[in-house]
Amino acid sequence: MRDRTRARELADEFNRKGNPTGWFEALYREAEEGKSTVPWLDYHPTPHLVGFWMLHPQQTAGKSALVVGSGGGDDAEQLAAWGFRTTAFDISETAIRSTRKRFPNSAVDYHIANLLDPPTPWRGQFDFVFEANTLQVLRAALRRQATKNIAAFLRPGGLLLVIARSREPSDPEGQMPWPLTRAEISAFAVLGLEELLFDILPDVEEPEVRRFRVLFRLPQT
Ligand SMILES: C[S@@+](CC[C@H](N)C(=O)[O-])C[C@H]1O[C@@H](n2cnc3c(N)ncnc32)[C@H](O)[C@@H]1O
């Protein structure tokens, strides 16, 4: 089982201080100093992304992709290897610096950026947007803005693939990572995206985790 103790302590501490996104950089920095670990770093592409691609390979020639909350960079590197012109961003400066160091010859354009206030030139620019497990580490109060900003990255006809832990509305929110309800995932549809595929998939993790894997498209106008 992944040790999330320190990540949860930092999340609580920064949330109490009114800085709900400050703990990511603090955690990556502690990990770099060997004082703690980043529980989501497993140094391979997200299995549910690879599984999606095996079932639904996409045309990538001349197309652009954006990876939200790129963490270790493995998903961005995978999308670039599949042929997308790929941009990826994370709020943590340390995460981006160590990703660039891990992949010195990368074709990916990595940026330090905040999903809650993303660079304006990215609006409406991407053919494929990939978001895995970032919404669930943001407090519910921030998700509405985050969801809106993710949807706004798409160009008309563009696809968004979202992966997130799921819970029933009757289940307690619990500790970080805070799983999403069906309604929170459906917020993308409320913003005007079409839901093309909807899966709930089990993970090999104890205790059992089920994840949403949902594909949306921004309709052509
Ligand atoms: C749970 S990790 C998931 C990493 C990766 N997507 C994966 O699935 O392995 C969430 C990542 O999003 C980043 N992050 C959190 N809030 C963010 C924000 N507001 N803007 C950009 N990145 C953010 C964190 O630093 C972290 O690397």
Side-chain angles (χ1 to χ4, degrees), residues 2-4 6-8 10-11 14-15 18-32 36-53 65-80 86-100 102-103 108-120 122 126 128-153 160-166 174-180 201 203-205 209 211-214:
R2 292 166 196 250
D3 185 358
R4 297 191 173 87
R6 184 60 184 147
R8 285 174 173 158
L10 286 171
F14 278 79
N15 274 307
N19 178 9
T21 56
W23 63 275
F24 300 105
E25 174 58 15
L27 181 65
Y28 277 106
R29 206 168 316 144
E30 284 191 4
E32 191 179 58
S36 44
T37 53
V38 179
W40 51 80
L41 286 185
D42 44 18
Y43 305 109
H44 58 69
T46 300
H48 292 320
L49 169 63
V50 177
F52 164 81
W53 204 264
L66 179 70
V67 178
V68 174
S70 50
D74 299 87
D75 295 331
E77 295 297 319
Q78 183 62 74
L79 288 165
T86 305
T87 303
F89 71 98
D90 201 286
I91 198 167
S92 162
E93 184 262 329
T94 302
I96 292 295
R97 182 166 30 77
S98 70
T99 299
R100 287 189 180 129
R102 261 186 86 207
F103 302 106
V108 177
D109 188 15
Y110 287 104
H111 293 261
I112 302 158
N114 184 354
L115 173 60
L116 301 170
D117 185 18
T120 313
W122 291 356
F126 294 94
F128 189 87
V129 174
F130 182 59
E131 148 50 13
N133 308 319
T134 307
L135 289 171
Q136 68 192 33
V137 292
L138 296 173
R139 294 308 320 225
L142 302 177
R143 284 190 196 148
R144 205 188 163 109
Q145 190 61 46
T147 302
K148 223 167 124 186
N149 292 350
I150 291 171
F153 293 136
L160 164 67
L161 184 64
V162 182
I163 294 171
R165 282 172 177 249
S166 71
Q175 291 182 284
M176 189 290 300
W178 302 285
L180 274 63
L201 303 165
D203 267 5
V204 190
E205 199 166 321
V209 172
R211 278 181 219 269
F212 293 121
R213 183 176 68 188
V214 190

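Just so you know, ligand 1 is whichever comes first in the structure, and atom 1 is the first atom listed for that ligand.
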Please report whether ligand 1 has a polar contact with [X], defined as an N or O pair separated by less than 3.5 Å (distance criterion only).
{"X": "V137", "result": "no"}
{"X": "S70", "result": "no"}
{"X": "D75", "result": "no"}
{"X": "G69", "result": "yes"}

Of all the atoms in ligand 1, which lie at a distance below 4.0 Å from a heavy atom belonging to [X]?
{"X": "G71", "result": "27 (O)"}
{"X": "L138", "result": "16 (N)"}
{"X": "A113", "result": "20 (N), 21 (C)"}
{"X": "A132", "result": "3 (C), 5 (C), 6 (N), 7 (C), 8 (O)"}
{"X": "N114", "result": "18 (C), 19 (N), 20 (N)"}

Closest protein heavy atom to atom 22 (N) of ligand 1, given as residue, atom name and distance to 0.1 Å = I91 N, 3.1 Å
task = Quick one: look up the protein heavy atom nearest atom 8 (O) of ligand 1 and list residue, atom name and how far away it is.
result = N133 ND2, 3.0 Å
key: Which segment of L115 sits under 4.0 Å of ligand 1 when only heavy atoms are counted   = both
note = At under 4.0 Å between heavy atoms, what of D42 touches ligand 1? The answer is neither
inquiry  = Using only atom types and a distance under 3.5 Å, with no angle test, would you say the side chain of R100 pairs donor to acceptor with the backbone of Y110?
reply    = yes
I91 backbone acceptor or donor facing N114 side chain under 3.5 Å = no
State, yes or no, whether a side-chain contact exists between [X] and [Y] at a heavy-atom distance under 4.5 Å.
{"X": "F128", "Y": "T86", "value": "no"}
{"X": "R211", "Y": "N133", "value": "yes"}
{"X": "R102", "Y": "D74", "value": "yes"}

ask   = Which word best sums up how the rings of F153 and F126 line up, parallel for under 30°, tilted for 30 to 60°, or perpendicular for over 60°?
value = perpendicular
ask   = Which of the listed options, V67, D90, L27, holds the heavy atom that is closest to atom 26 (C) of ligand 1?
value = D90
Option set Y28, Y43, F130, F24, criterion heavy-atom distance to atom 27 (O) of ligand 1, minimum = Y28
key: Min heavy-atom dist A146 to ligand 1 below 4.0 Å   = no
message = I'd like to know if R2 and D42 make a salt bridge, using a cut-off of under 4.0 Å between side-chain N and carboxylate O.
response = yes
query = Within a reach of under 6.0 Å around CZ of R144, are more than 12 heavy atoms found that belong to other residues, nucleotides or ligands?
reply = no
